[in-house]
Amino acid sequence: PAPAPATAAAPTAPSSDDANAYFGEPRCAAAGTTLCDSFEEGAVGSAPAAAQWKTVLSGAGSTVLLDDARAARGRQSVHVHVGNQGYAQGVVTPVSGLPLSGGVLWGRAFVYFASAGALPQMHWTLFEGSGNLPGATTPTLVRYGGQFTHLMANYFGNDQYAHAAEPRNGGWVDETKMPSNRWACFEWMFALEGNQMHLYLDGNEVQKIAIAGISPQCCPNEPWTQPPLSDMRIGWQIYQADSGQPGYDMWMDEVALDAKRIGCSR
């Protein structure tokens, strides 16, 4: 039988009607969130603060380093670079645990994906939560990222695997494309109640990849059972080589985690 409808639906209202209000000076000090990093502290070319973040790298040449080439707020951000040799990752994960309350986690990050040509044609991830389902010995991964240039939800682990989009002739259709060459505000939410996943772009929910126990777009009879989260990876992961790309570069700024929605203006 299909899972019961969610009883704790995420808010769908925009976090701000004016995208210009997103940028300017750093705001973490006044944000009131459990974790927030403007990446203003530390020398350019160094890793993000070890007191807040563990950096995880895979693949030759992958780096996650402070940079002043561009920033959404303030003067610095984090530059993530990974190569194009198959699986590669450049991510940060919180050192001190996740700000979970009632099994709910919210995240917010400003992301600038640099693209000189076609967007990535392979499967990639921006935000990945993980945790063990009861009785499981390996983690289940709940992800927001994309494939074939489009944003996508992904569930992986314990013999359940589903994409929250409709495959047609090898392409992901009727979806929101990954923004490129501009700063975009991403928000994401994972909740145990109702087995929910939600993604927001510039304050508005990407409705077609909202999950509440199932993904109606791809597999309405296959459950997406939300694991209790123990880890959150934020950055860039890619799983296959893309012959059209020499590598991938993205910047992240004002990354925040909390048990309540953060929004794009805080």
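Remember, predicted model here, so these are calculated numbers, not experimental data.
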**Report entry** Stepwise side chain to side chain contact (heavy atoms under 4.5 Å, CB included) test for E254 and C28
**Finding:** CA-CA 7 Å; E254 294 261 328; C28 280; 3.7 Å; yes

Query raised in the report: Are T34 and K260 close enough, and set up right, to give a side chain to side chain contact (heavy atoms under 4.5 Å, CB included), and what steps lead you there?
Result: CA-CA 10 Å; T34 302; K260 296 181 179 180; over 6 Å; no

**Report entry** Test log, rule ring-ring contact (aromatic ring centres under 6.0 Å, His included), inputs F110 and W183
**Finding:** CA-CA 6 Å; F110 291 95; W183 283 106; 7.2 Å; no

Query raised in the report: Between V95 and Q52, is a side chain to side chain contact (heavy atoms under 4.5 Å, CB included) present by the stated rule, with each step listed?
Result: CA-CA 5 Å; V95 167; Q52 286 190 294; 5.8 Å; no

Report task. Starting from the C-alpha separation in whole Å, work towards a yes-or-no answer on side chain to side chain contact (heavy atoms under 4.5 Å, CB included) for V104 and L192. Result -> CA-CA 7 Å; V104 179; L192 285 175; over 6 Å; no

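Of all non-hydrogen atoms in T33 and R266, the two that sit nearest each other are CG2-NH1, 3.8 Å. Contact record, C264 with E187: SG-OE2, 3.7 Å, taken as the closest heavy-atom pair. Shortest non-hydrogen contact noted between P48 and T55 is CD-OG1, 3.9 Å. N84 approaches G247 most closely through the heavy-atom pair CB-N, 4.1 Å. The two residues G59 and A88 come nearest to each other via the heavy atoms CA-CB, 4.4 Å. Taking both residues in full, the closest heavy atoms of H198 and Y200 are given as CB-CE1, 3.8 Å, listed atom of the first, atom of the second, then distance.
Distance check, rounded to the nearest 0.5 Å: SG of C185 to CG of D253 gives 11.0 Å. The structure places CG of D37 at 11.0 Å from OG of S77, a figure rounded to the nearest 0.5 Å. L141 contributes atom CG, which lies 9.5 Å from atom OH of Y155 (distance to the nearest 0.5 angstrom). The CG atom of N132 sits 7.5 Å away from atom OG1 of T137, with the distance rounded to the nearest 0.5 Å. A distance of 8.0 Å separates NE2 in H150 from OG1 in T176, rounded to the nearest 0.5 Å. Rounded to the nearest 0.5 angstrom, D249 CG and T63 OG1 are separated by 7.5 Å.
M252 and L201 end up in the same hydrophobic cluster when Ile, Leu, Val, Met, Phe, Trp and Tyr side chains are linked at under 4.5 Å. Side-chain heavy atoms closer than 4.5 Å link hydrophobic residues (I, L, V, M, F, W, Y) into clusters, and following such links, even through other members, never connects V56 to Y144. M122 and F127 fall within the same hydrophobic cluster, defined by Ile, Leu, Val, Met, Phe, Trp and Tyr side-chain heavy atoms under 4.5 Å apart, directly or through other members. Taken together through direct or relayed side-chain contacts under 4.5 Å among Ile, Leu, Val, Met, Phe, Trp and Tyr, V91 and F113 form parts of separate hydrophobic clusters. Linking Ile, Leu, Val, Met, Phe, Trp and Tyr residues whenever their side-chain heavy atoms come within less than 4.5 Å leaves L65 and L57 in two separate clusters.
For E40, the salt bridge (Lys or Arg N to Asp or Glu O under 4.0 Å) criterion is met by no residue, not counting sequence neighbours. In terms of the salt bridge (Lys or Arg N to Asp or Glu O under 4.0 Å) criterion, R70 has no residue partners (sequence neighbours excluded).
Checking Q237 against Y87 by side-chain atom types alone, a donor-acceptor pair falls below 3.5 Å. Judged by distance alone, the side chains of D231 and T93 do bring a donor and an acceptor atom under 3.5 Å apart.
With contacts defined as side-chain heavy-atom distances shorter than 4.5 Å, the pair Q147/N154 does not qualify. Under the 4.5 Å side-chain criterion, counting only non-hydrogen atoms from C-beta, N181 is in contact with Y112. Two residues are said to be in side-chain contact when any heavy atoms from C-beta on lie closer than 4.5 Å; K177 and L151 fail this criterion. C36 has its side chain within reach of R108: a pair of non-hydrogen atoms, C-beta onward, lies under 4.5 Å apart. Counting only heavy atoms from C-beta outward, the side chains of M232 and W188 approach each other to under 4.5 Å. Here the side chains of V78 and V64 are in contact, with some heavy-atom distance below 4.5 Å. Counting heavy atoms from C-beta outward, L126 and F186 have side chains that approach closer than 4.5 Å. The side-chain heavy atoms of S101 and W106, taken from C-beta on, include no pair separated by under 4.5 Å.
Between R143 and E128 there is a salt bridge, since at least one side-chain N of the basic residue sits less than 4.0 Å from a carboxylate O of the acidic one. Between D202 and R182 a salt bridge is recorded (basic side-chain N to carboxylate O distance below 4.0 Å). For R73 and E25, the salt-bridge test fails: no basic side-chain N is under 4.0 Å from an acidic carboxylate O.
Between the side chain of S62 and the backbone N or O of S58 there is at least one donor-acceptor pair closer than 3.5 Å.
Within a 6.0 Å radius of CD in Q240, other residues, nucleotides and ligands contribute more than 12 heavy atoms.
The aromatic ring centres of Y248 and W124 sit 6.0 Å or more apart.
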